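Working notes for the structure below.
Nothing here was measured: the structure is a model prediction, and the numbers come from that model.
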Amino acid sequence: MTETVSWRKSSYSGGGDGNTCVEIAPLRTRVAIRDSKAPSLGMVTAPAGSFTALIQSLKTVST
């Protein structure tokens, strides 16, 4: 059985048509990440815990 992937754009999407960002999709144990400007070029995945740690780290740097 294959997983259904539901992509969502970052809430920080740029101006214009709003496609200057990344999209993420939660999978069972991983998070898929792709470029919203070129979704057909593929995706990378990361373990869910590692992705959460990355986001927390980025939030710390940006404040």
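- With sequence neighbours excluded, no residue forms a side chain to side chain donor-acceptor pair (under 3.5 Å) with Thr52.
- In this structure Ala32 satisfies the side-chain contact (heavy atoms from CB on, under 4.5 Å) test together with Trp7, Ala25, Leu27, Met43, Thr45, sequence neighbours excluded.
- Ile33 meets the side-chain contact (heavy atoms from CB on, under 4.5 Å) test with Val22, Ile24, Val31, Val44, Phe51; sequence neighbours excluded.
- Expressed to the nearest 0.5 Å, how far SG of Cys21 lies from CZ of Arg34 amounts to 10.5 Å.
- With sequence neighbours excluded, no residue satisfies salt bridge (Lys or Arg N to Asp or Glu O under 4.0 Å) with Arg30.
- Heavy atoms only, all atoms of each residue included: Ser36 and Lys9 are closest at CB-CE, 4.2 Å.
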